[in-house]
Amino acid sequence: MVGGNGIKTVGLAPKMDSGFYGKDIISVRQFTRENLSYIFNIADEMRAVVRRVGSTDLLKGHVLACVFYEPSTRTSSSFIAAMSRLGGSVIPINEVRYSSVTKGESLPDTIRTLESYADVIVLRHPEMGASQVAAEYARKPIINAGDGVGEHPTQALLDLYTIQSDLGRLDGLNVVMAGDLRYGRTVHSLARLLCLYDVQMTFVSPEILRLPLDVMNEVKALGRPVRETYDVRDAIADADVLYVTRVQRERFADQAQYDELKDYYVITPELMENAKKQMIVMHPLPRINEISYALDSDPRAAYFRQMENGMYIRMALLAAVLGKA
Ligand code: NCD
């Protein structure tokens, strides 16, 4: 929506061609390579600031509303930490149970309420497309922190930032994504975003958890080479990045089916003997069983670095959207 008060500068989920100021962040489809290097450079600066002095007052006087209709540890707390380290404040609504949503308030009314107090809203919701709906009603920027099985764009940004930081490049890599590719929204965003680079993607899953056709078709339409397999051992051998996801229990109607699939892949040190010495293992977390704890001390295990990077990326995004980058 073209907003009043000059707050939103362009329409719904616009491309970031003219910068991030006042924009919604709904889908990775909005980004270009230039946008990503811009955000990654700011994230590098944020990392340096945090390591040197802990915080700045760049967003002093600004308020973020963090509204989570689904559970979250990393996304919500890294957004809160990001805003705090930039000198701003946060309205944290982590348990919509304790808000007027329980009384039956609609999403548009909740959003309208929060934007009268806050300058930017981070929203996680169980329905695909919810952030887009919120953005239609809101005059202030909406940042999608996960919309059901749809997208998780800020996670994909931090995933790419981690690959770039750890491996020093994005072009020319073989990225293997394994696990629940059907319901895992982080994979839907990451696969789309990787299309901006010259990468080979390999999707590893049991038949029933294959990547949705619409995402696969988008990747293929952009001319990216893709492979699909069930065989994680074979796929690992030439991976530069192994991106593992948990089976998304909350998306299954049939719990017995979840129980059958939940331990389909477990990445162990023994399995990793087949992998390159120079590669990384990633996971958006939380992990259930899919990566053995014994792998945590392997230097190739990047998932804890990935989680820290999330805060720097979110600091960069908040500063950019509020026009202070
Ligand atoms: C992911 C999510 O919520 O989609 N978690 C996260 O934000 N780091 C992944 C998941 O829940 O499996």
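Just so you know, ligand 1 is whichever comes first in the structure, and atom 1 is the first atom listed for that ligand.
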* Mark the output for T186 as yes if a heavy-atom distance to ligand 1 is under 4.0 Å, and as no if none is. =>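 Yes, that is the case, since the closest heavy atom of the residue is under 4.0 Å from the ligand.
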* Asked: Closer than 4.0 angstrom: is that true for some heavy atom of P286 and an atom of ligand 1?
  ->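 A heavy atom of P286 does come that close to ligand 1.
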* To do: Indicate yes or no: does an N/O atom of Q155 lie under 3.5 Å from an N/O atom of ligand 1?
  =>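 It does: an N or O of Q155 is found under 3.5 Å from an N or O of ligand 1.
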* Asked: Looking only at distance, does Q248 have an N or O less than 3.5 Å from an N or O of ligand 1?
  ->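 Right, the criterion is met.
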* From atom 3 (O) of ligand 1, work out which of H152, Q306, R185 has a heavy atom at the shortest distance. =>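 Result: the heavy atom closest to atom 3 (O) of ligand 1 is in R185.
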* **ligand 1 versus L285: contacting region, heavy-atom distance under 4.0 Å** =>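 The backbone, only.
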* Could you tell me whether R124 approaches ligand 1 through its side chain, its backbone, both or neither, with non-hydrogen atoms closer than 4.0 Å? =>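 Contact part for R124 vs ligand 1: side chain (C-beta onward).
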* Can you name the side-chain hydrogen bond (donor to acceptor under 3.5 Å, both in side chains) partners of R169, sequence neighbours left out? ->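 Checked R169 against side-chain hydrogen bond (donor to acceptor under 3.5 Å, both in side chains); zero matches.
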* Going by the order shown, which atoms of ligand 1 are within less than 4.0 Å of some heavy atom of T75? ->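 Numbered from 1, ligand 1 contributes 6 (C), 7 (O).
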* Six-ring centre of Y293, R287 cation under 6.0 angstrom, axis tolerance 45° ->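 Positive - R287 is close enough to the ring of Y293 and near enough to its axis.
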* To do: Do me a favour and list the nearest non-hydrogen protein atom to atom 11 (O) of ligand 1 with residue, atom name and distance?
  =>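 For atom 11 (O) of ligand 1, the nearest protein heavy atom is R246 NH2, 2.9 Å.
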* To do: Note the single closest protein heavy atom to atom 8 (N) of ligand 1, along with its residue, its atom name and the distance in Å.
  =>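 Result for atom 8 (N) of ligand 1: P284 O, 2.9 Å.
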* Asked: Only one of E151, R182, H188 clears side-chain contact (heavy atoms from CB on, under 4.5 Å) with V215; which?
  ->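 For V215, the side-chain contact (heavy atoms from CB on, under 4.5 Å) check succeeds only for H188.
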* Do the ring planes of Y303 and H283 sit parallel (below 30°), tilted (30 to 60°) or perpendicular (above 60°)? ->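 Answer is perpendicular, since the angle exceeds 60°.
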* Salt-bridge present (E34, K15; N to O < 4.0 Å) ->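 No, no charged N to carboxylate O under 4.0 Å.
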* **Heavy-atom check, side chain of R246 versus side chain of Q248, under 4.5 Å** =>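 SC-SC contact between R246 and Q248 confirmed.
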* **F79 reachable from L114 in the ILVMFWY side-chain graph, under 4.5 Å edges** =>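 Cluster IDs for L114 and F79 differ.
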